[in-house]
Protein chains: 2
Amino acid sequence: MLELAILGFLYDAPLHGYELRKRITALTGHVKPVAESTLYPAIKRLEKAGLLGRATEPGAVAAPRHVLTLTEEGRRELRRRLAEPAQQDITDENRWFTVLAFLRHLDDAPAQAGVLRRRLAFLEEPASFFYDGERPLRAEELDDPFRRGLLTIARATSRAELAWLRETIASLDD
Amino acid sequence: MLELAILGFLYDAPLHGYELRKRITALTGHVKPVAESTLYPAIKRLEKAGLLGRATEPGAVAAPRHVLTLTEEGRRELRRRLAEPAQQDITDENRWFTVLAFLRHLDDAPAQAGVLRRRLAFLEEPASFFYDGERPLRAEELDDPFRRGLLTIARATSRAELAWLRETIASLDD
DNA sequence: CCGTAATACCTCGTAATCGATGTATTGTTC
DNA sequence: GAACAATACATCGATTACGAGGTATTACGG
């Protein structure tokens with residue numbers, strides 16, 4: 001998720017680590033903050049893997065900046081990760097939102113539609129959080145107001161997203 | 001999140017690891033699967049911390065089972081974690097849903113309402129995923145259909161949850 | 001001129017997680 | 001009767017993440 005965000009932001013423009021951190025914080029930080037001690041090692045990993053390069057520039061205000069740029073391999077890697085997301089990128093909302101935030105970079109309508117279809121298939125599977133043996137329990141069947149709320153919220157989310165997915169897939173298919 | 005789920009399920013009834021795993025998979029597995037190699041060490045951690053005890057019973061079908069029971073300290077710990085969730089339990093949907101799934105165990109309406117109020121306050125903060133400098137961007141301002149969808153979905157979810165939270169807090173306050 | 005905040009980067013130890021793999025038993029299917 | 005799935009638990013190494021702490025500079029208010 002973090003690596004995807006790094007690649008995604010750098011696809012648009014070279015950035016230094018500190019700026020990258022602010023953008024990632026704006027994107028996902030209110031939900032799941034990213035520690036600096038996670039970001040900088042992640043940058044190093046990607047650099048070591050040849051996905052990005054760095055150039056040192058004098059800092060605008062303080063210490064010198066390490067401006068990060070995607071290599072051609074890095075650009076390919078982002079497109080690959082967007083075109084073939086891991087299953088958890090599809091099912092986990094946090095990760096899925098990160099995929100959505102950068103999916104435009106895929107720049108290939110059928111491939112984009114394919115990714116949306118995977119999410120659609122996932123949301124269309126009948127799934128609950130609570131079961132009576134095999135049978136999924138409906139919100140109305142639960143005494144617990146909190147679990148009932150959980151199902152209610154999940155269903156509302158799902159309905160909104162399904163509508164958007166169907167609409168967007170249709171428009172990509174044109 | 002995993003530890004909370006373990007404590008939460010065991011609060012109701014003693015279970016062996018394998019059964020625990022099935023319940024956790026039903027609860028959160030379609031979104032974020034839990035590997036066995038994560039669950040068993042987590043059980044050991046909690047056991048070592050004195051939160052749960054184990055008793056070996058002959059297996060119903062195969063190998064002997066380790067039936068896990070919450071100790072009194074484990075029961076206190078669950079209530080404590082539910083009454084004072086970490087900030088990420090409030091903001092991260094996956095973790096928040098786990099809190100909701102077990103919040104009834106808190107068994108104290110004002111404390112439950114307090115937890116819901118924290119989530120309410122979080123959702124009421126104006127937050128976007130995309131910014132123009134300081135100013136949060138609205139869905140309508142984005143060209144990118146995927147980012148627009150992301151905001152649309154997030155807003156729909158948020159609206160549904162806000163309604164439920166306000167309603168439930170009101171009924172807990174009676 | 002002193003403290004604080006912001007900019008900008010980094011390391012270290014610890015903890016958590018995962019995938020792969022291993023062990024042993026019972027029940028079911030070909 | 002030989003596979004195979006399901007039950008039931010466990011370890012190990014590699015990866016990832018986090019909190020705490022560190023370094024250095026500029027800008028600003030008191």
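Note on naming: letters A, B, ... go to the chains in the order of the sequence lines (proteins, then strands), and numbering restarts at 1 for each one.
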Mind checking if A/Arg21 touches a base, just sugar-phosphate, or nothing, with heavy atoms under 4.0 Å?
nothing
Hey, is A/Arg65 close enough to A/Glu19 for a salt bridge, meaning N to O under 4.0 Å?
no
Only pairs at least two apart or in different chains count here, so list each ring-ring contact (aromatic ring centres under 6.0 Å, His included) that has a residue in residues 148-174 of chain A.
none
Any A/Arg54 side-chain N or O less than 4.0 Å from OP1/OP2 of C/dC10:
yes
Quick one: is A/Arg45 getting a side-chain N or O under 4.0 Å of the D/dT16 phosphate, OP1 or OP2?
yes
Side chains of B/Thr69 and B/Leu10, heavy atoms from C-beta outward: is any pair under 4.5 Å?
no
pair B/Leu120-B/Arg166: side-chain heavy atoms closer than 4.5 Å:
yes
Rounding to an integer number of Å, can you tell me how far A/Glu3 CD sits from D/dT16 P?
6 Å
To the nearest angstrom, how far is A/Arg23 atom CZ from C/dA8 atom P?
13 Å
So does A/His16 get a side-chain nitrogen or oxygen closer than 4.0 Å to the phosphate oxygens (OP1/OP2) of C/dA8?
yes
Are any of A/Tyr18's side-chain N or O atoms less than 4.0 Å away from OP1 or OP2 of C/dC9?
no
Just the rounded figure in Å: distance from P of D/dA10 to CG of B/Leu20.
12 Å
Would you find more than 12 non-hydrogen atoms of other residues, nucleotides or ligands less than 6.0 Å from A/Arg138 atom CZ?
no
Flag the pair A/Glu93 and A/Lys32 as a salt bridge only when some basic side-chain nitrogen lies within less than 4.0 angstrom of an acidic carboxylate oxygen.
no
Grab the N/O contacts between the protein and nucleotides 11-13 of chain D below 3.5 Å, and write none if there aren't any.
from: D/dT11; atom 1: OP1; to: B/Lys44; atom 2: NZ; distance (Å): 3.1
from: D/dT11; atom 1: OP2; to: B/Lys44; atom 2: NZ; distance (Å): 2.8

Separation of atom CD in B/Gln88 from atom C1' in D/dG19, rounded to whole Å
13 Å
